[in-house]
Amino acid sequence: MNLFSLEDLEKTELVDILDSALSGDIPKAKSQGCVALLFFENSTRTRLSFERAAQTLARPYMNFDIDSSSLKKGESFEETLEVLEDYDISTAVIRSAQRMFDPDSYVGNLNVISAGEGTFYHPTQAMGDVLALAKSWGMASVSMLKGKTLLIFGDLRHSRVAHSWFEMADLLGINLKLASPQEWMPEWGAELNRSSNLKEGLLGADAVMALRVQTERHSGQGQGIASFEKSFQCTQDILAKRPLLHPGPTNWGVELAPELKKYENSLIRSQRQECYRVRTGLLARF
Ligand code: CP
């Protein structure tokens, strides 16, 4: 089984995984196979929560040290996966800047779960976000989010979370609105309601998600941070008590005003907790 993007799951399977997590059940692992964590890009939340998920399920796990591995001697990633399998590892959790292998030509039996792929996908983050939202509204199923409107604003072009949300919104029937400076609008989602003004984007939104300005992925030209802060920084008054999400890490004082650290309807901590829950549910299955 591969989970690179949400499209790798049937809608019924996605809803089942999410609703099981929403019910608060702590799942039992179907397999006690070892989990390998391969992180080519930095992470705090995703890596720690996958580690804790493996511990919660009493599955053995290991952090694969990329820098001291034979990948640095030119070994291919496919062969690395084969090595993992030969040491009885059954699931690989991978964070990388791009797809590390072609799943169509990979002949091994490892389960592969994305922990974030470049600017393309972060499926388990969107899954945790959905849980945080459904929980905040007291919903018994994520299906009840159908018809709700979520505004996502910020550096959309470089955000894998936003792209996974594009898939999620389609699967669950959530209306997605986008707000961003023109140059940070993504190539996907041309059919969505798009605005280059935050206040305009907020009209009709039931909840708001801010995204980090990812300077590490910028070419160094164009929209400056100072200009973004001035026209897009979200403050408490314009939120008008709507739930606020941010997958983190947050640039406080850039996309979100520091006053929002204490915002009563912030779901930021809930997102972390629900991502941990959803990753536990995934490692219980795969
Ligand atoms: N949201 C998220 O993926 O955070 P990390 O980069 O800390 O894992």
Side-chain angles (χ1 to χ4, degrees), residues 3-6 8 17-18 21 35-56 61-67 91-100 112-133 135-136 150 152-169 180 184 186 207-218 234 243-252 254-256 260-261 263 266-283:
L3 176 56
F4 290 110
S5 91
L6 292 168
D8 291 323
I17 293 169
L18 293 172
V35 179
L37 306 166
L38 295 87
F39 277 64
F40 292 83
E41 289 191 326
N42 294 347
S43 168
T44 295
R45 293 153 192 75
T46 313
R47 189 171 61 77
L48 288 182
S49 57
F50 267 113
E51 277 190 49
R52 288 290 295 127
Q55 289 173 342
T56 301
Y61 69 91
M62 57 178 65
N63 276 296
F64 183 91
D65 183 0
I66 311 280
D67 287 338
T91 301
V93 175
I94 303 174
R95 169 168 290 196
S96 55
Q98 67 273 317
R99 187 72 49 91
M100 298 301 294
V112 176
I113 301 177
S114 169
E117 182 185 326
T119 58
F120 309 106
Y121 302 107
H122 200 352
T124 63
Q125 179 67 49
M127 291 168 84
D129 298 343
V130 157
L131 288 182
L133 257 186
K135 212 168 178 175
S136 78
L150 174 70
I152 305 188
F153 80 92
D155 186 356
L156 302 166
R157 180 183 285 272
H158 302 101
S159 174
R160 51 191 168 212
V161 178
H163 190 215
S164 279
W165 255 100
F166 177 52
E167 293 182 337
M168 180 66 88
S180 156
W184 292 348
V208 181
M209 178 182 288
L211 294 171
R212 183 171 69 90
V213 177
Q214 302 193 36
T215 45
E216 75 275 22
R217 299 194 199 274
H218 294 179
C234 186
L244 171 68
L245 301 105
H246 191 310
T250 305
N251 295 314
W252 293 104
V254 180
E255 59 268 9
L256 294 183
L260 290 170
K261 286 180 186 173
Y263 181 52
S266 169
L267 300 184
I268 293 174
R269 293 195 67 177
S270 177
Q271 284 172 271
R272 291 179 201 146
Q273 292 155 7
E274 298 307 326
C275 281
Y276 166 41
R277 203 185 295 278
V278 97
R279 286 163 188 154
T280 307
L282 285 169
L283 289 188

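Atoms within a ligand are numbered from 1 in the order they appear, just like the ligands themselves. Sequence positions, counted from 1, serve as the residue numbers for this chain. Below, each value reflects all heavy atoms present in this structure, side chains not excepted, and no hydrogens, waters or symmetry copies.
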Indicate yes or no: does an N/O atom of R47 lie under 3.5 Å from an N/O atom of ligand 1?
no

Can you tell whether the side chains of E41 and R47 come within less than 4.0 Å, N to carboxylate O?
no

Out of all atoms in ligand 1, which are within 4.0 Å of some heavy atom of T44? Include the element for each.
5 (P), 7 (O), 8 (O)

Does P247 reach ligand 1, in the sense of a heavy atom lying below 4.0 Å from it?
yes

Mind checking side-chain hydrogen bond (donor to acceptor under 3.5 Å, both in side chains) for R279 and listing every partner two or more places apart, or none if nothing turns up?
S49, T124

In the protein, what heavy atom is nearest to atom 6 (O) of ligand 1, and what distance, to one decimal place, separates them?
R95 NH1, 2.9 Å

Is the shortest distance from a Lys or Arg side-chain nitrogen in R95 or E117 to a carboxylate oxygen in the other one below 4.0 Å?
no

May I have the step-by-step check of salt bridge (Lys or Arg N to Asp or Glu O under 4.0 Å) for E274 and R269, ending in yes or no?
CA-CA 9 Å; E274 298 307 326; R269 293 195 67 177; over 6 Å; no

Ligand 1 contact by E41, heavy-atom criterion under 4.0 angstrom:
no

Could you find the nearest protein heavy atom to atom 4 (O) of ligand 1 and give me its residue, atom name and distance?
R45 CD, 3.4 Å

Listed by chain and number, what are the side-chain hydrogen bond (donor to acceptor under 3.5 Å, both in side chains) partners of D8, not counting sequence neighbours?
none

